[in-house]
Trainee: 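If you scroll down you'll find the structure; I have some questions about it.
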Amino acid sequence: MTIEVRTARDDDREAMHQLSQQAFAARPAPYDDELDRTAVPLERRLVATDGGTIVGKLVIWELGQWFGGRRVPMGGISGVAVAPAYRGRRVASSLLDDALTAMRERGEVLSTLYPMNHTLYRRHGWEVAGAYPEHDIDLRALTDLPKPTRQVTVRESVEADLPALRALNDEVSREVPGNVSYGPEFAARRLLGHPGAQEGYVAEVDGVLTGALTLGHGDGHDERELYTLSVRNLFAADLDSELALLRVVAAHYPVARTARLVTSVSSALPLLLGERDLRPAGAGWCWMARLVDAPGAIRARGFAPEVDVEIHLDLIDPTAPWNAGPHVLRVKDGEGQLEPGGRGDVLIDIGRLTSLYTGWADPRRLAHAGLIGGAEESDLAALDRTFGGRTPWARDFF
């Protein structure tokens, strides 16, 4: 067996689709050429071959993620699939190794994914780094939400809305650690309606876009519910626009009785509903991330202006050796630098540093678990001041 990894070609499209269906679909769907050509560009897809036969694949979405009020360029790994007969033979590892190199060359200093296999990704430097807080909503409760206090117009989205919707998404996500900034292909999938796939709506106030909603349909739970709803995206610049969009969701009651959406417990909706109307749900997904280019990721991220630290790290990263070795982390006046050299006081692998970077991990808990070596209390306090803050979360699954 000789596994070769290369960029996907046009004649690979259907084989990649069939591999994805085999890996992920309970009810496989036929290949849709038009849908495939509007997804991730071929130059962002990798395939693994054995004697010319495609036995593995992955895609890398062009994305960003917000940390410290700044957009960090991010490659979103998705659709990692390996043919059953080739699993356990380092096919996925080969794909991930090449993906790291490709992301680094494109300046994507961070990578995020949703894992089916934590062990695989942890071995390659990804670590749990943020939440995907799914909730189930009783649609009847939404019918009792307060009405907007001003006139908000809601209409179906159209393709011409896309630039304004991308800008609005960045505006409302900027200060939310872990929220995703969309590249062009991902934005079209997430922000617009698609016949037979999802409904798309926008909110407007005085002709200015102020919010977006996309809805999908799923199987009902029983004979009283013809379908359930999946809120695939919901964001708004103000509460009135959010309420107007939620009224569109509520309008599906009683044909649909429940909806699932991703929202932080600190958002407005939990404050407006009863404790039994919005319930944690789902499969308990968290996302994993890894620093592709550790110095670049530190430069890209924002920091609290009052933080003034110098921490001597010794980074472990066997998969991406360009990150490895002693480095000095300096943060001052909202800017960060990670430079080679220094004493290497604090021993930490790239995954645990990533989990600190996003704000997910507590440095003292990592040290208590033996996942940080050589750190004094002053080092742990400095790491906490540098990266601590609001819990990172994302509403986008990919």
Trainee: In terms of side-chain geometry, is the basic nitrogen of Asp12 or Arg6 positioned less than 4.0 Å from the acidic oxygen of its partner?
Mentor: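 So Asp12 pairs with Arg6 through a salt bridge.
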
Trainee: Begin from the C-alpha positions of Glu199 and His217 and carry the test side chain to side chain contact (heavy atoms under 4.5 Å, CB included) through to its verdict.
Mentor: CA-CA 9 Å; Glu199 305 167 21; His217 289 222; 2.7 Å; yes

Trainee: Can you spot which of Glu242, Arg395, Glu171 makes a side-chain contact (heavy atoms from CB on, under 4.5 Å) with Phe235?
Mentor: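 It is Arg395; the other options fail the test.
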
Trainee: Please check this pair: side chain of Ser111 against backbone of Gly75, looking for a donor-acceptor N/O pair closer than 3.5 Å.
Mentor: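 Indeed, once roles are kept as given, a pair shorter than 3.5 Å links the two residues.
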
Trainee: Should the heavy atoms of other residues, nucleotides or ligands under 6.0 Å from CZ of Arg140 be counted, would the total exceed 12?
Mentor: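 Result for CZ/Arg140: open.
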
Trainee: With rounding to the nearest 0.5 angstrom, report the CD1 to CD1 distance, Ile316 to Ile348.
Mentor: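 With rounding to 0.5 Å, CD1 (Ile316) is 9.0 Å from CD1 (Ile348).
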
Trainee: Compare every heavy atom of Gln337 with every heavy atom of Ile298, then report the nearest pair and how far apart it is.
Mentor: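 Heavy atoms only, the tightest pair is CG2-N, 3.6 Å.
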
Trainee: Under 4.5 Å between side-chain heavy atoms, counting indirect links through other Ile/Leu/Val/Met/Phe/Trp/Tyr residues: same cluster for Val346 and Leu353 or not?
Mentor: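 As far as the 4.5 Å side-chain criterion goes, Leu353 and Val346 are connected within one cluster.
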
Trainee: Taking Tyr357 for its side chain and Ala297 for its backbone only, find out whether a donor-acceptor pair lies under 3.5 Å.
Mentor: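 Checked: pair present.
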
Trainee: Could you walk me through whether Leu46 and Thr7 pass side chain to side chain contact (heavy atoms under 4.5 Å, CB included), step by step?
Mentor: CA-CA 5 Å; Leu46 296 178; Thr7 302; 4.3 Å; yes

Trainee: Is any side-chain N of the basic residue among Arg365 and Asp384 closer than 4.0 Å to the acidic one's carboxylate O?
Mentor: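 No, no charged N to carboxylate O under 4.0 Å.
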
Trainee: Look at the side chain of Arg390 and the backbone N and O of Glu175, then say whether any donor-acceptor pair between them is shorter than 3.5 Å.
Mentor: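 Flag set: sc Arg390 to bb Glu175 pair under 3.5 Å.
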
Trainee: Which distance, rounded to the nearest 0.5 Å, do you find between the CG of Leu243 and the CG of Leu272?
Mentor: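 So the CG of Leu243 and the CG of Leu272 are separated by 6.5 Å.
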
Trainee: For atom NE2 of His194, decide whether the heavy atoms of other residues, nucleotides or ligands shown that lie under 6.0 angstrom number more than 12.
Mentor: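 Counting other residues, nucleotides and ligands, NE2 of His194 exceeds 12 neighbours.
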
Trainee: For Ala141 and Asp277, which heavy atoms make the closest approach, and how far apart are they?
Mentor: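 Between these two residues, the closest heavy atoms are CB-CG, 3.5 Å.
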
Trainee: Between Asp222 and Arg224, does any side-chain N to carboxylate O distance fall below 4.0 Å?
Mentor: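 Yes, this pair counts.
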
Trainee: Using side-chain heavy atoms (C-beta onward) and a distance below 4.5 Å, is Ser230 in contact with Arg232?
Mentor: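 Counting from C-beta outward, Ser230 and Arg232 do come under 4.5 Å.
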
Trainee: Quick one: are Leu96 and Leu120 in side-chain contact, heavy atoms under 4.5 Å?
Mentor: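 Side chain of Leu96 against side chain of Leu120, heavy atoms only: contact under 4.5 Å found.
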
Trainee: Just so I know, are the side chains of Gln18 and Glu14 near enough to count as touching, which here means a heavy-atom distance under 4.5 Å?
Mentor: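 In short, these two side chains touch, coming nearer than 4.5 Å.
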
Trainee: Report, as yes or no, whether the 6.0 Å neighbourhood of atom CD on Glu159 holds more than 12 heavy atoms from other residues, nucleotides or ligands.
Mentor: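 Open: at most 12 neighbouring heavy atoms sit under 6.0 Å from CD of Glu159.
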
Trainee: Do the charged groups of Arg330 and Glu335 touch, with an N to O distance under 4.0 Å?
Mentor: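 Salt bridge flag = no for Glu335 with Arg330.
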
Trainee: Could you walk me through whether Val262 and Phe397 pass the side chain to side chain contact (heavy atoms under 4.5 Å, CB included) test, one step at a time?
Mentor: CA-CA 10 Å; Val262 179; Phe397 193 97; over 6 Å; no

Trainee: Looking only at non-hydrogen atoms, find the nearest pair between Ala92 and Val80 and report the distance.
Mentor: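 That closest heavy-atom pairing would be CB-CG1, 4.4 Å.
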
Trainee: Yes or no on side chain to side chain contact (heavy atoms under 4.5 Å, CB included) for Ile60 and Glu108, after CA distance, side-chain angles and deciding distance?
Mentor: CA-CA 10 Å; Ile60 309 170; Glu108 291 160 350; 4.1 Å; yes

Trainee: Counting C-beta onward and ignoring hydrogens, is there a side-chain heavy-atom pair between Thr319 and Asp97 closer than 4.5 Å?
Mentor: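 In contact.
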
Trainee: Taking the side chain from His17 and the backbone from Ala29, do they hold a donor-acceptor pair closer than 3.5 Å?
Mentor: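 Indeed, once roles are kept as given, a pair shorter than 3.5 Å links the two residues.
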
Trainee: Using modelled atom types only, decide if a donor and an acceptor are shared between the side chain of Asn179 and the backbone of Trp66 within a distance under 3.5 Å.
Mentor: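 A pair under 3.5 Å: no.
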
Trainee: How long is the straight-line distance from CG of Asp161 back to OH of Tyr201, given to the nearest 0.5 Å?
Mentor: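 The distance works out to 14.0 Å.
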
Trainee: Charged N to carboxylate O below 4.0 Å: is that the case for Arg71 and Asp170?
Mentor: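 Result for this pair is no, no salt bridge flagged.
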
Trainee: For Val231 and Leu261, work out which heavy atoms get closest and say how close.
Mentor: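 So the two residues come closest at CB-CB, 3.4 Å.
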
Trainee: Looking at Arg106 and Glu43, is there a salt bridge between them, counting it only when a charged N and a carboxylate O are closer than 4.0 Å?
Mentor: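 Salt bridge flag = no for Arg106 with Glu43.
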
Trainee: Is the number of heavy atoms from other residues, nucleotides or ligands under 6.0 Å of Asp206 CG greater than 12?
Mentor: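 Result for CG/Asp206: open.
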
Trainee: Under the criterion side-chain contact (heavy atoms from CB on, under 4.5 Å), which of Leu291, Leu329, Leu347, Leu338 is the partner of Leu315?
Mentor: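 So, applying the side-chain contact (heavy atoms from CB on, under 4.5 Å) to Leu315 and each of Leu291, Leu329, Leu347, Leu338, only Leu338 qualifies.
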
Trainee: Please check this pair: side chain of Trp287 against backbone of Ala131, looking for a donor-acceptor N/O pair closer than 3.5 Å.
Mentor: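 Yes: the side chain of Trp287 pairs with the backbone of Ala131.
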
Trainee: Got more than 12 heavy atoms from elsewhere within 6.0 Å of CD, Glu310?
Mentor: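 Enclosed.
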
Trainee: Would you say Val249 ends up clustered with Leu239 if hydrophobic residues are merged whenever their side chains have heavy atoms under 4.5 Å apart, either directly or through other cluster members?
Mentor: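 Both belong to a single hydrophobic cluster.
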
Trainee: For a 4.5 angstrom cut-off between non-hydrogen side-chain atoms, does Ile350 reach Glu127?
Mentor: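 Side chain of Ile350 against side chain of Glu127, heavy atoms only: no contact under 4.5 Å found.
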
Trainee: Any sub-3.5 Å donor-acceptor pair from Ser157's side-chain atoms to Val202's backbone N or O?
Mentor: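 Side chain of Ser157 to backbone of Val202: no pair is present.
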
Trainee: If Ile, Leu, Val, Met, Phe, Trp and Tyr residues are connected whenever their side-chain heavy atoms lie under 4.5 Å apart, and connections chain through other members, are Val307 and Leu356 in the same group?
Mentor: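 Shared cluster, yes.
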
Trainee: Between Leu246 and Leu234, is any pair of side-chain heavy atoms under 4.5 Å apart?
Mentor: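 Of all side-chain heavy-atom pairs linking Leu234 with Leu246, at least one is under 4.5 Å.
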
Trainee: Just wondering, do Val205 and Ser241 contact through their side chains at under 4.5 Å, heavy atoms?
Mentor: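 Heavy-atom side-chain distance check passes, below 4.5 Å.
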
Trainee: So which atom in Ala212 and which in Leu165 form the shortest heavy-atom distance, rounded to 0.1 Å?
Mentor: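 Where Ala212 meets Leu165 most closely, the heavy atoms are CB-CD2, 3.7 Å.
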
Trainee: Side chain of Arg352, backbone of Ile372: donor and acceptor closer than 3.5 Å?
Mentor: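 No, because the side chain of Arg352 does not come within donor-acceptor range (under 3.5 Å) of the backbone of Ile372.
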
Trainee: Quick check: does any side chain N or O of Asp345 sit under 3.5 Å from a backbone N or O of His312, one acting as donor and the other as acceptor?
Mentor: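 Checked: no pair found.
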
Trainee: Kindly compute the distance separating CZ (Arg385) from CD1 (Ile311), expressed to the nearest 0.5 Å.
Mentor: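 Output value for this atom pair is 7.5 Å.
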
Trainee: Quick check for you: to the nearest 0.5 Å, what is the distance between Thr263 atom OG1 and Trp393 atom CH2?
Mentor: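 Between atom OG1 of Thr263 and atom CH2 of Trp393 there are 5.0 Å.
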
Trainee: Of the non-hydrogen atoms in Ala294 and Asn323, which two are nearest, and what is the gap between them?
Mentor: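 Smallest interatomic distance, heavy atoms only, reads N-OD1, 2.9 Å.
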
Trainee: Cluster question for you: counting only ILVMFWY and a side-chain heavy-atom cut-off of under 4.5 Å, with indirect links fine, are Val40 and Leu95 together?
Mentor: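 Shared cluster, no.
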
Trainee: Side chain of Asp349, backbone of Leu371: donor and acceptor closer than 3.5 Å?
Mentor: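 Between the backbone of Leu371 and the side chain of Asp349 there is no qualifying donor-acceptor contact (under 3.5 Å).
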
Trainee: I'd like to check Glu62 versus Pro184 (side-chain heavy atoms, cut-off strictly below 4.5 Å). Are they in contact?
Mentor: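 They are in contact (side-chain heavy atoms under 4.5 Å apart), so the answer is yes.
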
Trainee: Hey, can you tell me if Phe186 and Trp61 have their rings parallel, tilted or perpendicular (30° and 60° cut-offs)?
Mentor: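 It falls in the perpendicular class, over 60°.
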
Trainee: To the nearest 0.5 Å, how far apart are CZ in Arg257 and OG1 in Thr228?
Mentor: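 It is 13.0 Å, given to the nearest 0.5 Å.
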
